[in-house]
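Step one of this worksheet: look at the structure below.
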Amino acid sequence: MVRVTTPGVRLLPNAITVLALCAGLSSVQFALIGNYPMAIASIGIAAVLDSLDGRIARLLDATSKMGQELDSLSDGISFGVAPALVLYVWHAEGERIGWVASLIFAVCMILRLARFNTLIEDTEQPPYAGEFFVGVPAPAGGLLAMLPLILELQFGQGWWSHQYTVWVWTIAVAALLISRIPTLSLKTVKAPPKAIAPLLVGVGLLAAAIIQFPLVALAIALVLYLAHIPYSVYRQRWLASHPEAWMAPPRERRAIRRSSSRRRLGLRPPLRRVVAGAAQRVRLQRGEQHVARAPRTLTSDKDRDGSRGPRRRSWRRIGLRKR
């Protein structure tokens, strides 16, 4: 069945991309008039719209080369140029080092997007490469750069809002953008059917937290995103060394991970019939009645020769007293 899309439907993803561009660039205007909460909110809205345009384009079968290029240009302005200008207006006060840090951040964002476009056309990547981004993605990088401003608006001035701390943080986020550090991609995350209801409850709680405490919720989300990076690096290295798990579903992949961890630690499955010490005495006490019902006779070397008859079980030898 061939899906036919009308010109209006094909225009919808590009319209969402333009809206994201306008929202991101409007943050600069809010920063110029001193409305920094709205500046942060504008970049957040741009991040939400950026996550929707690509999915809607694939859902409606309305992807195009123009849409990809427009999306990259929008991301470069909304998450590269706009956050850099907001931070410069907020804390630079005309100093040259502030402008240098802003330029570094914007340039690194553009380089990150250019590398992302080249990796899309690379067909020699392993199957698990789609589960990771190379470096921090553009929306996350733009919001991470705003973390010092978020903390000052919520908790007031502190070491996090010191001028040189802000610019060092900006350059550090710029380095994460162009790094080779893998970060998880939410596009490939699949939730099992049993987890749908708890996830919906979690989404409701998250929405309530954002409405009531928007800055605190955003700051916690950004810190958790930074905390997931070590796990993402570990997962990427584990997949690279286990080709048998590349195409396996999540349940089988977890089984492969458990078995590989046991082999690495040198562990063996527990032997149910071999116990020692006090555990052996407890097990024998529990099975005493069973032994009385079905007695077994133990023979020694002399019994095999016929010199002696069947030998009874010696309770002293196994460390128990006869009742």
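As a basis for the values below, the full set of heavy atoms in this structure was taken, side chains included, without hydrogen atoms, waters or symmetry mates.
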| request: With rounding to the nearest 0.5 Å, note down the distance linking CG in Asn14 to CD in Gln68. | output: 10.5 Å

| said: Using a 3.5 Å distance criterion without hydrogens, assess whether the side chain of Ser74 forms a donor-acceptor pair with backbone atoms of Leu70. | reply: no

| Reported CD-to-CD1 distance for the pair Gln236 and Ile181, which is rounded to 0.5 angstrom | 11.0 Å

| message | Taking the ring of His228 and the ring of Tyr231, is the distance between their centroids below 6.0 Å? | response | no

| said: Walk me through whether Trp90 and Glu152 qualify under side chain to side chain contact (heavy atoms under 4.5 Å, CB included). | reply: CA-CA 11 Å; Trp90 170 51; Glu152 180 177 331; 2.7 Å; yes

| said: Quick check for you: to the nearest 0.5 Å, what is the distance between Leu177 atom CG and Ile104 atom CD1? | reply: 12.5 Å

| query | Would Arg235 and Phe132 satisfy side chain to side chain contact (heavy atoms under 4.5 Å, CB included), going step by step from the backbone distance to the final call? | reply | CA-CA 10 Å; Arg235 181 174 177 178; Phe132 303 93; 3.9 Å; yes

| field | For Ala174 against Cys108, the heavy-atom pair lying closest together | value | O-CB, 3.6 Å

| query | Do any N or O atoms from the side chain of Ser241 and from the backbone of Trp238 form a donor-acceptor pair under 3.5 angstrom? | reply | yes

| message | side chain to side chain contact (heavy atoms under 4.5 Å, CB included), that's the test. Do Tyr225 and Thr183 meet it? Break it down for me. | response | CA-CA 9 Å; Tyr225 183 83; Thr183 55; 3.8 Å; yes

| Hydrophobic cluster identity match, Val48 and Ile210, side-chain contacts under 4.5 Å | no

| query | Roughly how far apart are Asp50 CG and Ile45 CD1, rounded to 0.5 Å? | reply | 13.5 Å

| Which pair of non-hydrogen atoms, one from Pro83 and one from Phe105, has the smallest distance, and what is that distance? | CB-CE2, 4.0 Å

| Donor-acceptor under 3.5 Å (Ser27 side chain, Ile43 main chain) | no

| task | Find out if a path of hydrophobic residues (ILVMFWY) with successive side-chain heavy-atom gaps under 4.5 Å connects Val166 to Trp169. | result | yes

| said: Please tell me whether Leu226 and Phe79 are part of a single hydrophobic cluster in this structure, the criterion being side-chain heavy atoms less than 4.5 Å apart. | reply: yes

| said: Are Ile40 and Leu32 connected into the same hydrophobic cluster when the rule is that any two of I, L, V, M, F, W, Y join if their side-chain heavy atoms are below 4.5 Å apart? | reply: yes

| query | Hey, are the side chains of Tyr36 and Val89 touching, using non-hydrogen atoms and a 4.5 Å cut-off? | reply | yes

| field | Closest heavy-atom pair and its distance - Leu239, Glu131 | value | CD1-OE1, 3.7 Å

| query | Atom CG in Leu113, atom OG in Ser72: separation rounded to 0.5 Å? | reply | 6.0 Å

| Could you walk me through whether Leu73 and Ile77 pass the side chain to side chain contact (heavy atoms under 4.5 Å, CB included) check? | CA-CA 6 Å; Leu73 292 173; Ile77 295 176; 5.5 Å; no

| Would a hydrophobic clustering, with Ile, Leu, Val, Met, Phe, Trp and Tyr connected at side-chain separations under 4.5 Å, put Leu215 with Leu87? | yes

| request: Search all heavy atoms of Ser232 against all heavy atoms of Leu184 and return the closest pair with its distance. | output: OG-N, 3.4 Å

| request: Any chance you could measure Arg55, atom CZ, to Ile16, atom CD1, to the nearest 0.5 Å? | output: 12.0 Å

| Residue pair Ser102 / Trp167: nearest heavy atoms and the distance that separates them | OG-CZ3, 3.8 Å

| Side-chain heavy atoms of Pro182 within contact of Val233, under 4.5 Å | yes

| query | Which atom pair, heavy atoms only, marks the closest approach of Leu143 to Leu222? | reply | O-CD1, 3.4 Å

| request: Specify whether Phe116 and Phe133 have parallel, tilted or perpendicular ring planes, treating 30° as the upper limit for parallel and 60° as the lower limit for perpendicular. | output: tilted

| said: For Ile178, run the side-chain contact (heavy atoms from CB on, under 4.5 Å) check against Leu111, Val134, Val136 and tell me which one passes. | reply: Leu111

